[in-house]
Chemist: 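First the structure, then my questions, so here it is.
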Amino acid sequence: MSDGRVRPYFTTRGLIPENQETPIHFLRGSIFDKGYWFLRNHFQYPDLTINSGNLLITGAVKKAFIIKLEQLKTLPSKTITVPLICAGNQRAEFRPKVYGEQWEEGAVSQGVWTGVPLKDLLGVSGLEENALEVVFTGADRGTTPNVDEAVLYERSLPMNKALHPDTMVAYEYNGQPIPFKHGYPLRLIVPNWYGMASVKWLQKITVVAQPYEGPFQTDDYVYYPDPHTDEGKSPVTTIRVNSIIQQPLDHSIIDEGAHVIVGLAWSGEGQIEEVEISFDKGNTWEAVTLAQDQTKRYAWTEWQYNWTTPGKGTFTIQTRAKDSDGNVQPEREYWNRKGYGYNAIYRINVKVE
Ligand SMILES: Nc1nc2c(c(=O)[nH]1)N[C@H]1C(S)=C(S)[C@@H](COP(=O)(O)O)O[C@H]1N2
Ligand SMILES: [Mo]
């Protein structure tokens, strides 16, 4: 949407560590270059000299080995378009409000990743009989609540997700080396799961025989539906079906006449099948036009709707997406203490003058 002279900016949510939200309401297109890619970090950036591009594969494997970036690049690769959606995206919209980074809608981005399927690397190492999960270790380190010593950013995947053919160790983003702030030289990419799974600055892969219980697995990235206790908790994994309106903006004043309402929809549980829009508080719904490219299995769906304002006044515009697994955005968000996975029906108000 930029005309080359004016351009939208990030919204800063934090500097140490750096957390920046992309101006999602002002961006179109399905590929974001690094200039418009949100940043979500738990710690300060790692020292690149430590993170040399040597990847160690170890643990409950038949043969542990180290592979260098240059060797990795010679293996059969895969290139896929994948959105990264932070589990905390839209946290600011939970009611009652929850603590944490107050992301609005811009903790999302999408681009083209190239890398080697993890299953190929685990095929080389082989797996021990008792292999249960795979742990991914980043090079960034720091302190986190409830843990005494500094920890590395680390997460695990269950074996079936680790062996999924599209779970990959990536070394390129949009045909270029991965930018440093986004994980250079190697980054795990886990399509369909929220962003926390896609470990940046990947330096070690450890196959384990016991459930991994690090802080970013068992404390953070857990849905706690009860405000005070851990009752009913469950891990944050797949991206929930969701849609947003990019334009017009919430509480904007618009002219009478024809308007193109534009937005995005996505789901980690299937393809977007339908996005519906309502102008009467949800009594009636109409389908919008999807610009879905069916060849891109994981990509988000851009959509639009041509609206002719029915007169002056204030209007509530709502959207809800449905995916091919039958998931629909709920009327109200699934409230949880740490504010993950917001996906309530999207609502804005506009005034027509
Ligand atoms: N090593 C490492 N990997 C990480 C993180 C991190 O802090 N350290 N943050 C995770 C989270 S919560 C998200 S949403 C994405 C953000 O990726 P980006 O900063 O490239 O947009 O990276 C994930 N991988
Ligand atoms: Mo995230």
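When a ligand or atom number is given, it counts from 1 through the structure's own listing order. This chain uses plain numbering: 1 for the first residue, then up along the sequence.
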Chemist: Please confirm whether the backbone N or O of A162 pairs with a side-chain atom of T167, one donor and one acceptor, at under 3.5 Å?
Modeler: no
Chemist: Using 30° and 60° as the class limits, which term best fits the ring planes of Y223 and Y340: parallel, tilted or perpendicular?
Modeler: perpendicular
Chemist: Do N349 and T314 have side chains that approach each other closer than 4.5 Å (heavy atoms only, starting at C-beta)?
Modeler: no
Chemist: I need the contact residues for ligand 1: any residue with a non-hydrogen atom closer than 4.0 Å to the ligand, ordered by chain then number.
Modeler: W37, F38, L39, R40, N41, H42, C86, D140, Y153, H182, R187, G195, M196, S198, V199, K200, W201, Y221
Chemist: Nearest 0.5 Å, what's the CD1-CZ distance between I178 and R187?
Modeler: 7.0 Å
Chemist: So, D166 and K78, do they make that salt bridge, N to O below 4.0 Å?
Modeler: yes
Chemist: Measure the shortest side-chain to side-chain distance between V241 and K322 over non-hydrogen atoms and say whether it is less than 4.5 angstrom.
Modeler: no
